[in-house]
Amino acid sequence: MYDKLIELEGIEKVFFGKIFNEFVVKVKDAKTLQKKLLAEKIIAGYALEKDYPELKDCLLFCVTEMNSPEQIEKLLEVLK
């Protein structure tokens, strides 16, 4: 999911290390994006700015075997 996500316009890498289940991306407006995703019944990534002000508009996502390929595709479609 991460590789597909960072290919989308307006989504940027934040950290460049290896990824297991969690990763951080920077978006244009995290609060607006979270509301948009919630309207589609998708719980967006955690807004890191609350705890790390230097990570404004950065979202922490977690993807595991609990997320179906269909859920991931829906997220990517909404973000397009």
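Numbering starts at 1 and runs along the sequence shown.
Annotation: Glu54, atom CD; neighbour count of heavy atoms from other residues, nucleotides and ligands within 6.0 Å is above 12.
With hydrogens and angles disregarded, no donor-acceptor distance shorter than 3.5 Å links the side chain of Lys31 to the backbone of Ala47. Side-chain N or O atoms of Glu49 include none that pairs as donor or acceptor with a backbone N or O of Cys58 at under 3.5 Å. When atom types are taken as modelled, the side chain of Lys74 and the backbone of Pro69 share no donor-acceptor pair closer than 3.5 angstrom. Looking only at distances, a side-chain donor or acceptor of Gln71 sits under 3.5 Å from a matching main-chain atom of Ser68.
Hydrophobic cluster membership differs between Leu37 and Tyr46, with clusters built from Ile, Leu, Val, Met, Phe, Trp and Tyr side chains linked at under 4.5 angstrom. At a threshold of 4.5 Å between side-chain heavy atoms, the hydrophobic network of Ile, Leu, Val, Met, Phe, Trp and Tyr places Ile6 and Leu60 in two separate groups. Both Phe61 and Val27 are members of a single hydrophobic cluster when ILVMFWY side chains are connected at heavy-atom separations under 4.5 Å. A single hydrophobic cluster is not seen to contain both Val63 and Phe20; linkage of ILVMFWY side chains at heavy-atom distances under 4.5 Å, directly or through other members, places them apart. Cluster membership for Val24 and Met1, using ILVMFWY side-chain heavy atoms within less than 4.5 angstrom, is not shared.
The CG atom of Asn67 sits 5.0 Å away from the OG1 atom of Thr64 when rounded to the nearest 0.5 Å. Remark: Glu40 CD to Lys35 NZ distance equals 15.5 Å, nearest 0.5 Å. With values rounded to the nearest 0.5 angstrom, Lys26 atom NZ is found 11.0 Å from Phe15 atom CZ.
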- Step by step, work out the side-chain contact (heavy atoms from CB on, under 4.5 Å) result for Asp57 and Leu48. CA-CA 8 Å; Asp57 290 323; Leu48 291 171; over 6 Å; no

- Query: Between Leu76 and Leu5, is a side-chain contact (heavy atoms from CB on, under 4.5 Å) present by the stated rule, with each step listed?
  - Reply: CA-CA 7 Å; Leu76 293 170; Leu5 194 61; 3.9 Å; yes

- Full working for side-chain contact (heavy atoms from CB on, under 4.5 Å) between Lys4 and Glu73: CA-CA 10 Å; Lys4 291 180 180 180; Glu73 283 303 317; 3.3 Å; yes

- Message: The test is side-chain contact (heavy atoms from CB on, under 4.5 Å); show your working for Lys80 and Leu8 and say whether it passes.
- Response: CA-CA 7 Å; Lys80 287 180 184 177; Leu8 298 176; 3.6 Å; yes

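Every residue was checked against the salt bridge (Lys or Arg N to Asp or Glu O under 4.0 Å) condition with Glu7, not counting sequence neighbours, and none meets it. With sequence neighbours excluded, the residues forming a side chain to side chain contact (heavy atoms under 4.5 Å, CB included) with Ile19 are Tyr2, Phe23, listed by chain and number.
Shown here for Gln34 and Leu59, the closest heavy-atom pair between the two residues is NE2-CD2, 3.9 Å. Across all their heavy atoms, Thr32 and Asp29 have their closest contact at OG1-OD2, 2.7 Å.
Between Leu33 and Leu79, some side-chain heavy-atom pair lies under the 4.5 Å cut-off. Lys36 places a side-chain heavy atom less than 4.5 Å from the side chain of Val78.
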